[in-house]
There are 2 protein chains.
Amino acid sequence: MATIYDVARIAGVSPKTVSRVLNGDAPVGQATREAVQAAIAQLDYVPSNAARMMRSQRSGLIGLITGAISMSPEPNQPAGLPELFIVQGIQKSLANSGMTLMIADTGGVVEKAAPLIDTFLRHRVEGLIYVAEYHQKVALPVISDGTPMILANCFDDRGTPAILPDDKRGQLDLVARLITAGHRRIGYLTLRPEIAAGRLRLEGYRAALQAGGIAYDAALVENCDLEGRDGETQLLWEAIDRMLRLANSPTVFCCGNDKMALRVYGILRSMGRKVPTEVSVAGYDNYRVIAETLYPPLTTVDLPYTAMGVRAAQRLMAMISEETREDKGPTLVAGPVYWRDSVTELRPANVSLLKSVREE
Amino acid sequence: MATIYDVARIAGVSPKTVSRVLNGDAPVGQATREAVQAAIAQLDYVPSNAARMMRSQRSGLIGLITGAISMSPEPNQPAGLPELFIVQGIQKSLANSGMTLMIADTGGVVEKAAPLIDTFLRHRVEGLIYVAEYHQKVALPVISDGTPMILANCFDDRGTPAILPDDKRGQLDLVARLITAGHRRIGYLTLRPEIAAGRLRLEGYRAALQAGGIAYDAALVENCDLEGRDGETQLLWEAIDRMLRLANSPTVFCCGNDKMALRVYGILRSMGRKVPTEVSVAGYDNYRVIAETLYPPLTTVDLPYTAMGVRAAQRLMAMISEETREDKGPTLVAGPVYWRDSVTELRPANVSLLKSVREE
DNA sequence: TTCTCTTATGACACCGATGACATGACACCG
DNA sequence: CGGTGTCATGTCATCGGTGTCATAAGAGAA
């Protein structure tokens, strides 16, 4: 591999002049510049980042760690990868910063994060971003040197800067919109409360009911999330069946996420209930493969992953450049409601009509 | 940031001895080793890859370029990312090689591949892998130095080593299995022929019919792929409607991919046709979010992405270590058929029964 | 006892860039 | 015409490791 010395020799100049042509950090004569460029082309010279980095003490690298790329191949694991949008947002936002993004993957194994961080530190990255597969708490090894770090889609109890989806707000907005559309009996098939999204979305649901002056009814809320284990369809079927048999049955089912909504579509249709004319369905995540492809398209709440990625990158760049390394705590990012055809607008007039249809 | 000299000073040894402790490439006395390790821990010393690399002339890096991570945010673009399994396969296979995988992303913009390759060459990667979003032909800039390169899920006309899914074989296997199950009238809602998968899968379909002694009927094959533009559901609806009105209508619909199958489920149900008792459906891709979550689960063909990734990594490592840099041409990898509940096993006896049901 | 041989360690140069500093050639100014 | 800037370019040291070679201290062998 050709070096800057080879180029200098061919061009008949000093290595330093070649360096100046490459970096444009000092004036170079026109003729000299052209000779150098010709020599570079002739030799297919590519400068060595390692050497440059040693001298300048700047790597221009940002390290990104994610389990998003290679999630578990187990059939029961969540197979959705929408969090990749976070990476996309980060990239977009970093594109003009002159930084190179290096992505490494834990393969879904959290323990691999530590060695990957180490690898990045060996490469002297100027900042680190850890992207989690879903909104959760994490405990990463402490970065002993001053390299700034950002958590995306996760948080820890050390106050490390974090970018999080505003799940409570999202569910609140969705349910508020359902209430506006005339729905009063709102079933909620929840995610398990062990995960952050499960808790926060339920909080949002309750907050929206309260804001709308609707009493919370425990019979309309069931956890239908088996953590990917079998029997989820069964569980959903039974929960839906129970709710539909209620005297005052729900006019809409909110689902913990879009994947659950996909299942609910199948179940409702198997029960002979038409979506949305007889019963409405809403999801969460705006997982587009599902939400846009379903028939009818699914009303849902966007998880603002791209925006989160952009925020993460911006906050990291601020920490790097402004030495604001004392920056702490979470940033919440809310996503919009996507109103699609899976939810009927109930004017008060035909609420009773609908009921009579169902009760016959 | 502490250097090897700092460690050496604290430990009271020479830098070279610290290096020996780190790399284990020469015997070091027990007491010395412990002193060095203590100093390393005390200083939070992390060796610099750049310096190491300069001297040893080996980067230990593999560069991976993909558009998989940040595909277009346009709503009409393909939003499926199963090709990330390729990356997973590569990682798995590279994990024990001592190589570090650096992933960079084109953001879906092919033109960005060239600067990314350049960045990788500056880092002196020992090998390059390009992963395409879907089975396609590409034209990447020539790598002028000897760095080996592998194409995954794509190919070029320079004979660059490539790893490809065997789409023809997969569709053939699926249709052959349908024939075994007693299906004789097999509708095929195809992808557009402009893409490799569209062509090859149709070839497989025809080859299977021929092998099964069934005449090809053009009325049973329609292109229902609008390249993501609107109206696809409409197009599918009409195609399905036409085929179902045929005197000898299909007992099963093969879909160009699983996403199309998801649409077809919705359409068939809206038409009042039960899946699979009245009509069967099969997909392609084994896109698990869809195939496993649909109700009933979808029969489909696996795209052996993980296996392709493993192959790609293996072939690359062979090129790197064995200097087999003259390696050329494609490797085809076939995936298995996943037989699930969306297809009925028709024993010859009840074929006629089914027909009468449909004709009433 | 002297001569290998192995183990344990250090001295020093070098990998390929670039920062700091120096120098020579002009141009412009008063 | 000397002084002062700017432009264009070169010299040299240096970043942080590691390869090469040298050396010293014991352990066995002859």
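Labels below follow one simple rule: chain letters A, B, ... track the order of the sequence lines, proteins then strands, and each chain is numbered from 1.
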Close side-chain approach of [X] to [Y], heavy-atom, < 4.5 Å:
{"X": "B:Pro47", "Y": "B:Ile4", "answer": "no"}
{"X": "A:Met102", "Y": "B:Ile103", "answer": "no"}
{"X": "B:Ile62", "Y": "B:Ile320", "answer": "yes"}
{"X": "A:Val28", "Y": "A:Val13", "answer": "no"}
{"X": "B:His135", "Y": "B:Leu303", "answer": "no"}
{"X": "B:Thr32", "Y": "B:Thr17", "answer": "yes"}

Ignoring backbone atoms, test whether [X] places a side-chain nitrogen or oxygen under 4.0 Å from the OP1 or OP2 oxygen of [N].
{"X": "A:Arg55", "N": "D:dT14", "value": "no"}
{"X": "B:Asn49", "N": "D:dG17", "value": "no"}
{"X": "A:Ser48", "N": "C:dG16", "value": "no"}
{"X": "B:Thr32", "N": "C:dT9", "value": "yes"}
{"X": "A:Tyr45", "N": "C:dA17", "value": "yes"}
{"X": "B:Thr17", "N": "C:dT9", "value": "no"}

I need the A:Thr119 OG1 to B:Asn49 CG distance, nearest 0.5 Å.
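Going from OG1 on A:Thr119 over to CG on B:Asn49, the span is 8.0 Å.
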
Donor-acceptor pair, side chain of A:Ser56 and main chain of A:Arg52, under 3.5 angstrom
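Present.
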
Judged by atom type as modelled, is there a donor-acceptor pair below 3.5 Å linking the side chain of B:Ser321 to the main-chain atoms of B:Met317?
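Judged by distance alone, yes, a pair lies under 3.5 Å.
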
Could you give the [atom1]-to-[atom2] distance, from [X] to [N], as a whole number of Å?
{"X": "B:Leu43", "N": "D:dG16", "atom1": "CG", "atom2": "C1'", "answer": "15 Å"}
{"X": "B:Arg52", "N": "C:dG16", "atom1": "CZ", "atom2": "C1'", "answer": "18 Å"}
{"X": "B:Asp25", "N": "D:dT18", "atom1": "CG", "atom2": "C1'", "answer": "8 Å"}
{"X": "B:Glu34", "N": "C:dA8", "atom1": "CD", "atom2": "P", "answer": "13 Å"}
{"X": "B:Met54", "N": "C:dC14", "atom1": "CE", "atom2": "P", "answer": "13 Å"}
{"X": "B:Arg124", "N": "C:dG16", "atom1": "CZ", "atom2": "C1'", "answer": "9 Å"}
{"X": "B:Met53", "N": "C:dC14", "atom1": "CE", "atom2": "C1'", "answer": "16 Å"}
{"X": "B:Arg33", "N": "C:dA8", "atom1": "CZ", "atom2": "P", "answer": "9 Å"}

Side chain of B:Ile4 (C-beta onward), nearest among D:dT18, C:dA17, D:dT11:
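Closest of the options to the side chain of B:Ile4: D:dT18.
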
Would you mind telling me which residue lines up with the more 5' stretch of DNA chain C, B:Tyr5 or B:Gln57, judged by nearest nucleotide?
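That would be B:Tyr5.
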
Any stems for DNA chain C, made of 3 or more Watson-Crick or G-U pairs in a row, each with both distances under 3.5 Å?
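Counting only runs of 3 or more consecutive pairs, the stems involving DNA chain C are C:1-30 with D:1-30.
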
Check nucleotides 20-27 of chain C against the protein and report each pair of N or O atoms closer than 3.5 Å, with its distance, or say if there are none.
none

Testing B:Arg315, B:Arg311, B:Gln314 for side-chain hydrogen bond (donor to acceptor under 3.5 Å, both in side chains) with B:Thr331, which one passes?
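Option passing the side-chain hydrogen bond (donor to acceptor under 3.5 Å, both in side chains) with B:Thr331: B:Arg315.
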
Would you kindly compare A:Pro15 and A:Pro27 by the position of their nearest DNA chain D nucleotide and give the one closer to the 5′ end?
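Closer to the 5' end of DNA chain D: A:Pro27.
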
Give one of base, sugar-phosphate or nothing for A:Ser56, where a contact means two heavy atoms less than 4.0 Å apart.
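Touches nothing.
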
With a non-hydrogen cut-off below 4.0 angstrom, is A:Val18 in contact with a base, only sugar-phosphate, or nothing?
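If one applies the 4.0 Å heavy-atom cut-off, A:Val18 turns out to touch nothing in the nucleic acid.
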
